[in-house]
Number of protein chains: 2
Amino acid sequence: MATAGKDTPRERYRAQLRAEVKQHAWQQIAAAGAAGLSLNAIAKQMGVSGPALYRYFANRDELITELIRDAYRSLADAIRTTAASGADLADLGRTLRTWALADPQRYFLLYGTPVPGYHAPHDTTAIASEIMDALLDAARTPTDTTATTGDRPQAHPAALRRALHFWTRLHGVLSLELAGHFTGMDLDPAELYADELHHLTT
Amino acid sequence: MATAGKDTPRERYRAQLRAEVKQHAWQQIAAAGAAGLSLNAIAKQMGVSGPALYRYFANRDELITELIRDAYRSLADAIRTTAASGADLADLGRTLRTWALADPQRYFLLYGTPVPGYHAPHDTTAIASEIMDALLDAARTPTDTTATTGDRPQAHPAALRRALHFWTRLHGVLSLELAGHFTGMDLDPAELYADELHHLTT
DNA sequence: CGCTCTCGTTAGAAGTTATAACTGGCAGGT
DNA sequence: ACCTGCCAGTTATAACTTCTAACGAGAGCG
């Protein structure tokens with residue numbers, strides 16, 4: 001990586017403590033959502049006093065941004081790992097659902113309600129398009145020739161459409177399920193999801 | 001209505017002031033999301049002092065619940081109005097998008113990230129299923145016979161599937177668009193939405 | 001016309017984020 | 001090995017937030 005991160009004992013301590021903060025943060029987010037994340041509460045849990053954490057994170061937003069970054073990386077890894085083992089779109093779909101169900105609030109952190117003022121830093125959007133690239137790659141069928149117009153590999157229109165439908169439809173079912181909008185409707189979300197996935201891949 | 005609401009001058013004043021509070025609340029929500037809603041700020045805007053508002057809303061959550069109720073009512077009205085004028089599913093889809101674009105944060109209040117602790121009161125879920133009923137009705141084709149098994153009119157399986165797909169797919173595109181996940185992708189969300197709607201209705 | 005209810009006020013408790021100033025100890029360079 | 005300087009974590013404080021309590025004043029109700 002470009003940003004060096006010198007391996008001094010102090011730097012290692014910093015990194016370790018930042019990781020510990022984030023671990024507690026994930027716990028709180030899973031329990032009360034991103035809105036209920038409190039630096040003070042984390043500090044209390046770690047046995048230090050409030051302002052101590054400001055040595056490691058400039059403010060609450062920076063911590064959340066870092067968590068978003070990690071979440072994107074985690075999802076990108078899951079997708080890439082699945083894609084690397086010669087998987088098709090259906091497998092990617094199942095991976096996505098598994099990843100989302102593992103921590104719904106983490107999914108919402110990426111694809112849930114955005115804060116009007118907030119603008120994602122460039123590197124997080126970069127990871128997001130990495131995910132999209134993996135999707136595009138998996139959505140490409142043998143018949144699709146990747147016409148490289150210009151410098152960027154232009155995706156085949158059909159593949160792009162497939163990937164887009166994959167994304168929006170699965171997100172549609174998934175987000176409504178995770179938000180609990182299917183409860184009391186006598187309906188198995190897994191079946192609905194599998195159904196959409198079936199439509200997408202045949 | 002069951003809850004009487006006597007028409008005394010005081011009651012009218014109460015209702016009018018509650019409405020004014022909610023109006024300011026919607027402004028704040030549109031600007032900073034539901035998380036950024038502050039009773040204190042509303043009070044300041046209205047020229048009264050903070051605790052005054054607690055005469056009208058027990059707490060912040062009750063205000064938000066009321067806003068959710070109103071939002072559901074607004075959407076249900078829009079859907080029902082469209083459906084009443086002999087419209088098909090495609091028209092309902094366009095109505096949904098128009099309604100959502102009019103105030104994205106209002107859409108997210110209903111279908112966005114849920115607060116883990118929060119449980120919607122029964123009447124709001126009742127309005128939600130009212131919307132679902134309108135959808136089911138519009139999704140019913142002439143060939144679908146509504147078999148009334150038991151006391152509740154059991155929807156035809158095909159109509160249920162259509163309505164469900166309508167809901168999840170349009171929500172998928174819409175929520176990603178409103179959250180800004182398509183920005184910088186050289187892609188017209190309206191086209192994508194129309195495309196899904198086309199798939200849904202042919 | 002008088003009583004009472006309710007409205008809005010100020011005060012204050014218990015939180016939150018975040019900054020400033022201070023102290024103690026460890027790390028690193030000489 | 002020492003000494004210096006940086007840095008972690010502390011307390012104090014400001015400016016917020018929600019929400020409760022106690023109180024005065026006035027308007028509506030009978």
Side-chain angles (χ1 to χ4, degrees), chain A residues 4-29 31-68 105 109 115-118, chain B residues 3-29 31-68 109 115-118:
Chain A
K6 328 156 203 177
D7 198 24
T8 75
R10 271 194 172 144
E11 277 306 317
R12 259 183 292 131
Y13 179 71
R14 272 189 80 82
Q16 198 262 334
L17 205 146
R18 275 176 69 99
E20 196 177 333
V21 169
K22 289 197 275 184
Q23 201 175 320
H24 287 279
W26 280 120
Q27 261 177 250
Q28 289 197 3
I29 285 180
L37 192 150
S38 158
L39 279 190
N40 235 331
I42 293 176
K44 199 169 290 178
Q45 276 187 7
M46 293 179 58
V48 299
S49 261
L53 300 189
Y54 285 83
R55 295 266 171 204
Y56 304 94
F57 297 93
N59 49 44
R60 213 185 83 119
D61 272 12
E62 193 191 287
L63 170 57
I64 291 183
T65 297
E66 190 73 20
L67 295 173
I68 292 176
Q105 287 297 324
L109 201 57
V115 178
Y118 182 79
Chain B
T3 40
K6 329 154 203 176
D7 198 24
T8 74
R10 273 196 170 143
E11 277 306 316
R12 259 185 291 129
Y13 179 70
R14 272 189 81 81
Q16 197 262 336
L17 206 145
R18 276 175 68 99
E20 197 177 333
V21 169
K22 289 197 276 184
Q23 200 175 320
H24 285 280
W26 280 120
Q27 260 177 252
Q28 288 197 3
I29 284 180
L37 192 150
S38 159
L39 279 191
N40 235 332
I42 293 175
K44 198 170 292 178
Q45 276 188 8
M46 294 178 59
V48 298
S49 259
L53 300 189
Y54 285 84
R55 295 266 171 206
Y56 304 94
F57 297 93
N59 49 44
R60 214 185 82 120
D61 272 12
E62 193 192 287
L63 171 57
I64 291 183
T65 297
E66 189 74 20
L67 295 173
I68 292 175
L109 201 58
V115 178
Y118 183 78

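Proteins get letters first, then strands, A, B, ... in listed order; numbering begins at 1 in each.
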(message) Donor-acceptor pair, distance only, cut-off 3.5 Å: does the side chain of R14(A) make one with the backbone of R55(A)?
(response)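 Pair found, side chain donor or acceptor close to backbone of R55(A).
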(message) dG8(C), OP1 or OP2 - any side-chain N/O from Y13(B) closer than 4.0 Å?
(response)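 Yes, Y13(B) has a side-chain N/O under 4.0 Å of OP1/OP2 on dG8(C).
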(message) Please tell me if R14(B) has a side-chain N or O lying less than 4.0 Å from either OP1 or OP2 of dC7(C).
(response)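 It does, given that an N or O in the side chain of R14(B) lies less than 4.0 Å from OP1 or OP2 of dC7(C).
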Find the distance between [atom1] ([X]) and [atom2] ([Y]) and round it off to the nearest 0.5 Å.
X: R60(B); Y: S38(B); atom1: CZ; atom2: OG; answer: 8.0 Å
X: E66(A); Y: K22(A); atom1: CD; atom2: NZ; answer: 4.0 Å
X: Q28(A); Y: L37(A); atom1: CD; atom2: CG; answer: 5.0 Å
X: L63(A); Y: L39(A); atom1: CG; atom2: CG; answer: 6.0 Å
X: Y56(B); Y: E62(B); atom1: OH; atom2: CD; answer: 13.5 Å
X: L53(B); Y: E20(B); atom1: CG; atom2: CD; answer: 10.0 Å

(request) Could you check which residues of residues 34-46 of chain B get a heavy atom under 4.0 Å from DNA chain C? Sort them by number, please. (result)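 Those residues: none at all.
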(request) Could you tell me whether Y56(A) contacts a base, only the sugar-phosphate backbone, or nothing, with contacts defined as non-hydrogen atoms closer than 4.0 Å? (result)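 Sugar-phosphate, backbone atoms only, no base.
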(request) For R60(B), report the nucleic acid contact type (base, sugar-phosphate, nothing); a contact means any heavy atom under 4.0 Å. (result)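 The answer is sugar-phosphate, as R60(B) gets under 4.0 Å only of primed atoms, P, OP1 or OP2.
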(message) I'd like to compare against my own output: the B/S/- annotation of nucleotides 25-30 of chain C with a strict under-4.0 Å heavy-atom distance to protein.
(response) BBSS--
(request) Assess the side chains of Y118(B) and T65(B): does a donor N or O sit below 3.5 Å from an acceptor N or O? (result)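 Judged by distance alone, the side chains do pair up.
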(message) Both L17(A) and R55(B) contact DNA chain D. Taking the nearest nucleotide for each, which residue is further toward the 5' end?
(response)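 Nearer the 5' end of the strand: L17(A).
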What is the distance, to the nearest angstrom, from the [atom1] atom on [X] to the [atom2] atom on [N]?
X: E11(B); N: dC5(C); atom1: CD; atom2: C1'; answer: 12 Å
X: D61(A); N: dT16(C); atom1: CG; atom2: P; answer: 17 Å
X: Y54(B); N: dT6(C); atom1: OH; atom2: C1'; answer: 19 Å

(message) Run F57(A) and R18(A) through side-chain contact (heavy atoms from CB on, under 4.5 Å) and show every step you take.
(response) CA-CA 8 Å; F57(A) 297 93; R18(A) 275 176 69 99; 3.7 Å; yes
(message) side-chain contact (heavy atoms from CB on, under 4.5 Å), that's the test. Do T8(A) and E11(A) meet it? Break it down for me.
(response) CA-CA 5 Å; T8(A) 75; E11(A) 277 306 317; 3.4 Å; yes
(message) Does any part of the side chain of Q27(A), heavy atoms only, come nearer than 4.5 Å to the side chain of I42(A), both counted from C-beta?
(response)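 Sidechains of Q27(A) and I42(A): no contact.
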(message) For chain A and DNA chain D, what are the first and last nucleotides along the strand, 5' to 3', with at least one atom under 4.0 angstrom from a heavy atom of the protein chain?
(response)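 The footprint of chain A covers dC6(D) to dA12(D).
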